[in-house]
Structures are given as structure tokens and as C-alpha cells.
Amino acid sequence: MTLPGLAADPGEGDVEGIRDLALLFRDRAGAQRERSASSQSALSALSPVSAVSVDALRPRITVLAARFIEVADAADEAAVVLEDYADAVADLKRRAASALAAAESDYADIGTRRSAALNAASEFVVGWALDWDDVLPSWLYLDDPSLLDRWQGAIDDYRSSRAAYNALRDERDQLDHDTAARLSGIPLVAAITHDGVVGADGYVAATALWAGDTDDVTAEQIAALGDPALVRQVWDSLDRAERDALITAAPEIIGNLDGIPIADRVAANRLNIEAEIAAREAEIERLEALRDAALENAYHSHGAIEQRYDDLIAEQQRLIDSYEGLLTQEIRVTDESGVSRVEIGARVVVFDPSLDAIATYHGPLDPVTGDIPAWVESVAISVPGTGSNMTDFGDGRAADLQHAAGRRSAVFQWAGGAFPQSIPEAMSTSYSHDLAPRLRDFAAGIAIPASASLTVVGHSYGGATVGLAEAAGLRADRVLYVAAAGMGDGVSGVADFPHTSEVPHYAMMSRNDLVVGLIQGREGDLHALHGQSTLTAGGVTRLETGWIDASDPGSDDIEDYNVPGNGTPSAIDSHSSLYTPGSTSFENMVAVITGGEAELFAEDEIIVAGGRPITIDGIDRDDYEPTYVEVG
């Protein structure tokens, strides 16, 4: 029953969950006191020892022991606050249930009294237009007036019981406020949780980071920190053996955790890929057993049974082949001096089949940090479009871009979740809304060298994903939309981006693109399925797509080029042939990534011939002269 004017439940929340949280703080306090005692014992054992190395250890152990006690005291104080809060919520829950029962009874009594009065009323008197708190006026009521008095009395009783219930809601709001103030009043708890940014699950890792002791930190606790910067701080505080132990124990977490160095994510994901291959092989064995059993018990349709199971087995084998390809893929890496070498195995930095998520890294690695070397100048994240999945996500495009951008560049190919797999699916914005925050967080987890720039490139549906990631707080130095479906559902322009509204934005699209060309418009237009078009948005510079061979103006325009063997119209091919190495469009991508010189879009010319308007592509005009812009 929904009662009029009733506030939200004063007893909402899980009391046992609050008590569990208090227990977490109690347990942490006990563990820290034990660590402090152990440190003190170690210090006592070292007292008679005289050595330079031991003398250097004493101050650190003393500080560590003191910090353990500080953490323990703060955790105990927080536990008291939470225990008090749990008791208060439990009491409110009990009183709220009683108050609600009284209000429900009083409200039901209104109906009873109303019906009694109306049943006794004259035939011409009706009550259908009355609200719950209205009573028939006495001048209209010719029967027993005491019935009206009882009716009004029931309404007054409900108002009173409702007020009592709502007063408990006010009490709960004040309790929440006071509890938050008590917790934030514990300086160490406020500092460790970054004023609540770090949740309870991440508290252990955060306290370990503060205390300088991360021996017992788990991968789950590190992941619970929720902030790539904090994740990196904790990870950096671990020694190599501790990191390797966490990678082995929880590769599925470490391999997909933003903030973990590239080399460690790659090592973890190699284990994840191997495990997934084993799982697919086990699935094939299961399917083969089911097929054989079905054939043995079937009297007919053997061919149909075999075909059904063989198709399922073939799909599993396709996945195995793709994953094994990642493990055996040859990667060419060039160091700072220009010396190249070949490594075996793709550098997979995201691998999560449950999310259909994968990403790879192309570029050099610092042998010490396991991350992008300090001498790298240009970093890019390439986001693909419709049709991308774990076995087909355009990894070669990132490799081509990185090779063309040079040894001082690094490129990620990121498909961090499910993408639409068909044009009808691509009309939905749900995929981009799911992908955008993941892209934002992935970018935040990259350790960009101090002197390097970060460019985010989005192709087709990936362009709309990039725009929504910008709206969600993505940070980047440059953004490039390549044949983008739009700037993202609900995005009206770069002013909607909290951190990238002032950075250079570029866009390109072939003039005859039939894949996304027809849905370009202004945010709010019915045909603009993915927000504002990147081609006409203020603050976005349109670049030229030009020729399939940038060095040969006599080669096909992007708009006229047919990909050999595709058998599709050029207006379809031109959506993706923008990524052809050596083309004008590809060279412009490289220029944006490296901060070079890019060719501006050549405006088309419209002439009238035979009474009909004819459009001449800008690069085909008689007066065409390329115009370049220095990428900001």
C-alpha cells in the first residue's frame, strides 16, 4: 500500500552489513596491533646488533610500528562509530515498522469511515470526487452528522501517525549526517579513504599504502581502491616477488586493472589467455561427448545432429585459434636508438571474455618500470567501431599507426567491452554508454610520460564512444574522430566535455560515406542517432581524406577507391579505407597523434550544369591547393 505524504523509509539499509563493516575495522585494528607488536619485537631483537645496515633499519621499523598503532586506533574509532550507527539504524527500523503499521491502520480506517458515511447518505450525494483527506460538507449531508465526525477523526488520526513516521525520517537524515561527520572527524580515516572515495573493500590496501606495509594486500583489495592513481601507488610499493605472487594468484583481476603497469598486465593476461584456451578445449570435449551420446541414442537425423554440434565445436575452435594467435603473434619493437627486434606474443592489456573486452599495446616498454618509456613523445588510444569483438578488433590498425608514428610513439587498440555487431545494433546508444566510462578509466590508468601527449582516436561507433567518454570525464591532449557516428548520445558539442572542451579536436570522413554519413546532424535531430555530428561541431577541425596514396594525387580519391576483393561499393569501402597506410587520411591521423602538420578539408564546389547542381570534390577543383594546419 502506498500511503499519501509518507517520507522514505527511515529504517532503510542493511544493519548486518553495517555491522560487518564495523567488524572489518575491528579486524584491521587487531591485525595492525599484531604487526606493531611484531615490529617492536624485531626492533628489540636488533638492539644488541651493531651494523650499518641494521642501524639504517631501526628508524624505519620504529616509524612502521608507530604507524601500525595509528591505523589501529583510527580503525577502532571508526568501528565504534559504525557500531553506534548500526544500533541506531536497527532501533529506527524497529520504530519505523511500528509507526508504519499505525499509519496503515489509520489510513485504512479513513476508508472504513468514509464508506459508512457515504452508505448512509441520500441518493443524490456522491463522494467519487473527494480526495482522501476531504469530508462531505455538513450542509450537503442530511443524515447522522456523527458519521462525518468519525470520518474527519480518522483523517486527523492518519495525519498524526504520518507525522510521527515522517519525524523518524528526519531523525534518520540527522543520524546519517552526524555519522558521516564523526567518520570524517577521524583524520586518518578521512585521509586514507580520500574522504570516502575509497570504499570499505579498498580500506585495507589504502591503510597498507599509508603505513608502508603491503605484505598482506590482495588483488581484490587493490582493485577496490577504485582509483588508477591509488592502484599504481600500491603496486609501486610492492617488490617484484609480491607483484608476481599477485599476478599468479589473481591474473583475471591484475590483467584488467587500470593503474597496473603494462608489462604486468601483459603477464597476467598471458595466463588469462592460456586459461581461456584450456576452458574452450574442455568445452569442445564436452560438446563431443554430447554429440556422440546423441548420435548413439538417435534413430534418425544423424546428419542434423552432427551438423548442430559440429557448428558449436567449430565456434569454440575459432576462439582457440584466435587466442593462440595472440600468444604467437610477432611484435616488432624499436628502442630509443632505433634498433628493432621481434618479440613473440601480443601485448594484451585487457582480456575479459565475460565482458567481451580486449585491448593491446604497441610500442616500446621500459625494462625497469614495465611501462611506456620516458623518451616516448606520442601516445594514442585507438577505439574501433561496429563489428569489433575479442577475435576481430582491429589490432593491425594500431600496429600500422604506431609504425608510421615512429619509435617515439605508443598506440593502444582498445575494445574494452561489447560493441554492436551489425548496423541495426549500431543504431542503439546502449553500447556506447556502457563503453564510455571504461574508456575513461582505461585512459586514466595509463602512465603517460611527462613530456608525451595523449591522443584518443575513435572510428565509427568508436567515435560516439569517445565523445561520451569525454562527457564522462576523459582526459586527453587531442581527440580525433574518424568517420564517427556522432559525438555521442546527448552530446551537443565540445562544451559538454569537462576536461577536453579546450583541447584540439579533429574529424574526418569521406564525402560519400554511406555507413554513418546519413546520420550526421545536430544533437536532437531525429536522424542524428549519436548526437552532434563531428563534421559541423564548433571547435572541431575537419581534415582532408584525400587520396588512397597521399604521394600520388593521380591515385583514387578515398571516395572512389574499392578495396580489392570486397565487392562492395566505394561509398561503403570509404568508411574504413581511411585507415589505409600511406593514404592522405592515414597520414593525417599520424600527424594528429604526433603533433605534426595535417591537411585541412578542401571545401567542395557546387556548379550548375544543364540546369542541375553538380558537386565537385574539393580536391578535384581546378583551383585546389592543399592547406595545412599545425596540430595543437
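With sequence neighbours excluded, the residues satisfying side chain to side chain contact (heavy atoms under 4.5 Å, CB included) with P228 are D258, A444. Partners of S354 according to the side chain to side chain contact (heavy atoms under 4.5 Å, CB included) rule, which considers only residues two or more places apart in sequence or in another chain, are D352.
Residues D392 and R318 are not paired through a salt bridge, judged by the lack of any N-O separation under 4.0 Å between the basic side chain and the carboxylate. Salt-bridge formation is not detected for the pair E324/R280: no Lys NZ or Arg NE/NH1/NH2 atom is positioned less than 4.0 Å from an Asp or Glu carboxylate oxygen. A salt bridge is defined here as a Lys NZ or Arg NE, NH1 or NH2 lying under 4.0 Å from an Asp or Glu carboxylate O, and E343 with R341 meets this definition. A salt bridge links D244 with R240; the closest basic N to acidic carboxylate O contact falls under 4.0 Å.
The backbone N or O of L514 sits nowhere less than 3.5 Å from a side-chain atom of H575 that would complete a donor-acceptor pair. A donor-acceptor pair is defined here as one N or O able to donate and one able to accept, closer than 3.5 Å; such a pair exists between the side chain of N269 and the backbone of V348. Of the possible donor and acceptor atoms, one in the side chain of H505 sits under 3.5 Å from a partner among the backbone N and O of V503. Not one N or O on the side chain of R347 forms a donor-acceptor pair closer than 3.5 Å with the backbone of T360. A donor-acceptor pair under 3.5 Å is formed between the side chain of D239 and the backbone N or O of E242.
Under the 4.5 Å side-chain criterion, counting only non-hydrogen atoms from C-beta, I381 is in contact with F442. With contacts defined as side-chain heavy-atom distances shorter than 4.5 Å, the pair D604/F601 qualifies. Between E559 and Y561 there is no side-chain heavy-atom pair separated by less than 4.5 Å.
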- request: Take F586 and D400 through the test side-chain contact (heavy atoms from CB on, under 4.5 Å) and record every step on the way to the result.
  value: CA-CA 9 Å; F586 185 85; D400 288 341; 3.9 Å; yes
Derivation of the side-chain hydrogen bond (donor to acceptor under 3.5 Å, both in side chains) call for D573 and T568: CA-CA 7 Å; D573 287 344; T568 51; 2.4 Å; yes
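Between F412 and Y361, the ring planes are tilted. Angles from 30° to 60° get that label.
Note: Y323 OH to I277 CD1 = 9.0 Å, rounded to the nearest 0.5 Å. One distance of note links CZ of R440 with CG of L435; it measures 12.5 Å at 0.5 Å rounding.
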